[in-house]
Amino acid sequence: MTSTKSDEIRSEIEATRAQLGHDLDELSDRISPQKVAGRTAQGVKTKVATASSAGRDKARENPRAAGTAAGGLAAVGLLTSMIRRRRRRRRAG
């Protein structure tokens, strides 16, 4: 009877080892930097595509608001480039 009991325990230990090995492989796969980067990139692409589509839909609904927003972005870009140039000149001079 003791032999049967120890065989059962050995069998359970082997099954537990196999399961732990499987779990470890799965965790390694989940935290792999390449896999994480790939999932993150895919998530960003999806969000950008969704936002872009939503932005186009809103622009079609209200072209005046879209034009105003585009003008505002252009003004911010222009001001940003002017500030950068001014800072560069101060550093150089």
Side-chain angles (χ1 to χ4, degrees):
M1 194 157 180
T2 307
S3 178
T4 306
K5 197 99 152 142
S6 49
D7 288 342
E8 287 177 16
I9 292 172
R10 280 191 186 106
S11 177
E12 287 178 16
I13 289 171
E14 288 175 16
T16 302
R17 268 193 197 138
Q19 184 61 47
L20 285 173
H22 175 74
D23 292 348
L24 183 59
D25 290 343
E26 189 175 322
L27 285 172
S28 296
D29 189 51
R30 282 186 185 179
I31 63 171
S32 163
Q34 290 175 335
K35 300 272 180 142
V36 171
R39 287 191 303 268
T40 302
Q42 187 59 41
V44 169
K45 286 178 186 177
T46 302
K47 286 181 182 179
V48 167
T50 302
S52 176
S53 176
R56 279 193 300 269
D57 293 345
K58 288 287 184 186
R60 287 185 186 125
E61 291 174 12
N62 193 347
R64 180 175 281 167
T68 302
L73 287 174
V76 168
L78 179 63
L79 288 173
T80 302
S81 69
M82 290 172 62
I83 291 169
R84 284 183 181 168
R85 281 186 190 166
R86 188 172 285 180
R87 287 182 181 170
R88 283 186 203 141
R89 286 181 187 161
R90 286 183 184 168
R91 288 181 196 154

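Note that these values count all heavy atoms, side chains included, but never hydrogens, waters or copies made by symmetry.
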Requested in this report: Walk me through it: do R56 and S52 pass the test side-chain hydrogen bond (donor to acceptor under 3.5 Å, both in side chains)?
Outcome: CA-CA 6 Å; R56 279 193 300 269; S52 176; 2.9 Å; yes
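One distance of note links OG1 of T80 with CG of L73; it measures 10.5 Å at 0.5 Å rounding. Between the CG atom in D25 and the CG atom in L20 there is a gap of 11.0 Å [rounded to 0.5 Å]. Note that CZ of R85 and CZ of R88 are 8.0 Å apart. Values are rounded to the nearest 0.5 Å.
Remark: side-chain polar atoms of S53 are not paired, donor with acceptor, to backbone N or O of A49 under 3.5 angstrom. Side-chain N or O atoms of S11 include none that pairs as donor or acceptor with a backbone N or O of D7 at under 3.5 Å. Formation of a donor-acceptor pair under 3.5 Å by the S32 side chain with backbone atoms of S28 is not found in this model.
In this model, no donor atom of one side chain and acceptor atom of the other lie less than 3.5 Å apart for R64 and T68.
Proximity of Q19 to H22: side-chain heavy atoms (C-beta onward) are separated by under 4.5 Å at one or more points.
Comment: E26 engages R30 in a salt bridge, judged by a side-chain N to carboxylate O separation of less than 4.0 angstrom.
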